[in-house]
Every structure is written in C-alpha cells, then in structure tokens.
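Report on the following structure.
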Amino acid sequence: MKHPQNPVWSKTFGTCAVWVLGIALCDLILCSSALAQRFATGGPYNSPAGRSPSTELLRDVGIEQRLNAQLPLDGIVVDEHGSKVQLDAFFREKPVVLALVQYRCPMLCTQVLNGFFKVSHAIPLKIGVDYDFIAVSFDPREGSELAAEKKRQYVRMTRQSEAEAGIHFLTADQALIDRLTDTVGFHYRYVEETDQFAHASGVMIVTPDGRVSRYFYGIEYSPHDLRLGLVESSNGAIGSPVEQFLLLCYHYDPLTGKYGLAIAGLLRWAGILTALVLGTYLYRMYRRECARSRLVQGDSDLALPLKTPELDPHLREQQ
C-alpha cells in the first residue's frame with residue numbers, strides 16, 4: 001500500500017537537492033579555476049613528482065605591460081637588405097605594430113606572424129599606408145638573409161602593393177635586444193638543451209614617436225581591437241569618423257589586452273539622457289495641466305448664474 005506523499009515535504013526536498021547540486025557545481029568550478037591558475041602561475045603539480053622541471057624556466061617568461069614606455073630609437077638595427085639603420089628611421093608619421101619573434105622558430109613565432117597578417121585582411125586600414133609592421137628577432141644569431149626571406153613571404157601574404165614599404169624584418173645585436181625587450185616588458189629565456197627560446201606570444205602597437213601604446217596577447221587577434229588600437233595610437237591621424245566615435249564607447253583594458261564597452265560612461269550618458277527626457281516630459285505635462293486648469297476655470301465663470309440685487313425692505317413690504 002502506497003502512502004500519500006506530503007507535497008510540502010517533496011517541495012522542500014526538491015529545493016534542497018537543487019541547492020546541494022548548485023553548491024557542488026560551484027565548488028567544482030572554483031576548484032578547477034584555482035587549479036588551473038595555480039598550474040599557470042608555476043605552482044606545484046598535485047602529484048608525487050612534485051614540481052615540474054619547467055617551472056623555474058617559465059617563471060621569468062611572459063609579457064609585462066609597460067604602457068607609454070619609450071623605445072630605444074637611438075639603437076642600431078640591421079634591415080632585411082643588410083644595411084645598418086637607426087631604429088628611429090622606422091618611426092615617422094604612422095603607428096607601428098611591433099612583434100618580437102625568432103625567425104627560425106618553427107611553431108609559436110610563426111603562429112604570431114600568421115595570426116597578425118591574417119587579421120590584417122579583416123580591417124580597413126592598410127599596411128604601408130595607415131600603419132607599418134616591424135618584426136625584430138630576439139635571437140642575435142639570425143641575420144639579414146633570413147629576415148629578407150621572412151619579409152618576402154609575408155609581403156606575398158598581404159597581397160597589397162603598398163605593403164612592401166611598410167613591412168620590415170630587422171635583426172640586432174644582443175645589447176640592443178636586451179634594451180628593447182626590457183623596455184617593452186618582453187621576458188624570454190634561452191633553453192640550451194633544445195637550442196630554442198621559451199617566450200610568450202603577442203604583438204604591441206607603438207605610437208609614431210616610439211611609445212608603447214597597446215598590447216595584444218596570443219596568436220589570434222580581434223580585428224575590432226586591432227583597428228581601435230591603431231586609430232587610438234595614431235592620435236586621430238587615421239580612421240574614419242565612425243572609428244573615432246567608437247573610441248568614445250570603448251576603452252582599453254590592460255588586464256585583458258582588449259577593448260571593452262565603456263559601461264560606466266554609457267550609464268552616465270544614459271542617466272543624463274533619461275533625466276533630460278523625463279524632465280522635458282514632466283515640464284510639458286505641467287504646462288498642459290496649467291493650460292487645462294485655466295480653461296476649466298474660464299468655463300466655470302461663464303456658467304455661474306447672474307446675481308439679482310437685494311430689494312429694499314420697504315419695497316419688499318409694499319410688494
């Protein structure tokens with residue numbers, strides 16, 4: 001024989017079960033995030049082996065944002081033609097996208113270059129016309145021959161006739177490499193066992209006068225962010241009026257290296273606009289109500305009966 005279920009008890013049990021499952025799910029997500037963050041920051045593995053052998057190596061590898069840092073424009077670099085040129089020769093009137101890479105790198109550096117030149121097709125700004133691109137090798141053993149080959153490869157990828165004059169692949173000695181990487185916060189380490197470099201991935205936007213303006217991480221870059229970064233770094237020298245207006249609605253977040261919607265500014269303007277609209281509406285309603293009151297008062301005065309003069313008591317008695 002089945003006993004009738006208490007609907008209140010069933011509802012309470014269901015609610016408690018949902019809460020327990022929700023708390024367990026949140027704990028799982030938080031623990032996973034904490035473990036991922038611990039692993040990413042070089043924390044010990046949760047295993048008997050203890051620390052990873054690459055922990056110490058990767059501790060000093062990364063990109064530290066140093067916005068507004070001035071590049072060592074007085075340094076001497078070697079261009080793809082083998083000529084020694086002062087670095088300031090590549091900074092004139094246009095913003096510059098700067099990539100610190102190793103030309104012989106078979107994986108990450110190639111992905112950084114491929115990712116940038118791929119996204120360059122998705123923005124209306126043109127290399128060599130609106131901005132320039134400069135790659136500098138942080139491997140002092142690489143020479144101008146390899147740099148020239150890299151330039152030919154990526155100029156063909158752009159399919160733009162103006163790109164030839166706006167793309168530069170440079171090499172330098174160790175002293176200038178150290179100055180340049182320290183200035184922009186690019187930390188890397190040489191791994192002798194594999195004859196490779198451990199480094200992070202990303203590109204930087206530099207103003208026409210050689211100051212670091214924006215950082216973009218990874219190997220894939222948002223066309224929207226890259227376009228706004230170039231327009232902003234040019235101090236309004238490039239970009240359409242629409243792009244200039246977008247800069248009022250978006251702001252650069254140094255933590256993520258991306259442009260986000262300026263919520264605080266939009267809420268401020270939305271509040272002002274709402275107050276103006278509401279104030280205008282209330283004022284018009286007040287004026288309309290005043291006009292209606294005057295009209296009703298005028299109609300009431302016309303509708304009042306005429307008053308008859310009081311008769312004299314003597315005349316009243318005679319009547």
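Note: hydrogens, waters and symmetry copies are ignored here, and every other heavy atom, side chains too, is used.
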About how many Å separate [atom2] of [Y] and [atom1] of [X], when rounded to the nearest 0.5 Å?
| X | Y | atom1 | atom2 | answer |
| --- | --- | --- | --- | --- |
| Ser137 | Leu146 | OG | CG | 7.5 Å |
| Cys109 | His199 | SG | NE2 | 3.5 Å |
| Arg156 | Glu164 | CZ | CD | 11.0 Å |
| Gln111 | Leu108 | CD | CG | 7.5 Å |
| Leu87 | Ile134 | CG | CD1 | 6.5 Å |

- Task: Any ring pair (Phe, Tyr, Trp, His ring centres under 6.0 Å) involving residues 78-105? Give me the pairs, sequence neighbours left out, ordered by first then second residue.
- Result: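 Applying ring pair (Phe, Tyr, Trp, His ring centres under 6.0 Å) to every pair that reaches into residues 78-105, excluding sequence neighbours, yields Phe90-His168, Tyr103-Phe169.
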
Please examine the side chains of [Y] and [X], heavy atoms only from C-beta on, and report whether any two atoms are closer than 4.5 Å.
| X | Y | result |
| --- | --- | --- |
| Ile167 | Phe117 | yes |
| Phe216 | Met204 | no |
| Ile127 | Thr158 | yes |
| Gln102 | Gln196 | yes |

Just checking, any donor-acceptor pair under 3.5 angstrom between side chains of Tyr154 and Asn114?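 A donor-acceptor contact under 3.5 Å links the two side chains.
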
*side chain to side chain donor-acceptor pair (under 3.5 Å) partners for Glu149, two or more places apart*: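 Partners of Glu149 under the side chain to side chain donor-acceptor pair (under 3.5 Å) test: Arg152.
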
With hydrophobic residues grouped by side-chain heavy-atom distances under 4.5 Å, do [X] and [Y] end up in a single group?
| X | Y | value |
| --- | --- | --- |
| Ile76 | Ile177 | no |
| Leu180 | Tyr215 | yes |
| Val119 | Leu230 | yes |
| Leu100 | Leu170 | yes |

Should the ring pair Phe116 and Tyr131 be called parallel, tilted or perpendicular, given that the plane angle runs from 0 to 90° and is split at 30 and 60?
->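 It falls in the perpendicular class, over 60°.
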
Are any of the side-chain nitrogens in Arg179 or Asp74 under 4.0 Å away from the carboxylate oxygens of its partner?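 Salt bridge between Arg179 and Asp74, a charged N being under 4.0 Å from a carboxylate O: yes.
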
Q: Carefully, step by step, assess Arg141 and Asp195 under the rule salt bridge (charged side-chain N to carboxylate O under 4.0 Å, His left out).
A: CA-CA 12 Å; Arg141 301 169 298 178; Asp195 191 27; 3.0 Å; yes

Which is it for Lys94 and Asp130 under the salt bridge (charged side-chain N to carboxylate O under 4.0 Å, His left out) test, yes or no, and what are the steps along the way?
-> CA-CA 6 Å; Lys94 297 187 287 289; Asp130 301 304; over 6 Å; no

Notebook entry, point to check: So which heavy atom on Asp209 is nearest to which on Gln70, and how close?
Noted result: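 So the two residues come closest at O-NE2, 3.0 Å.
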
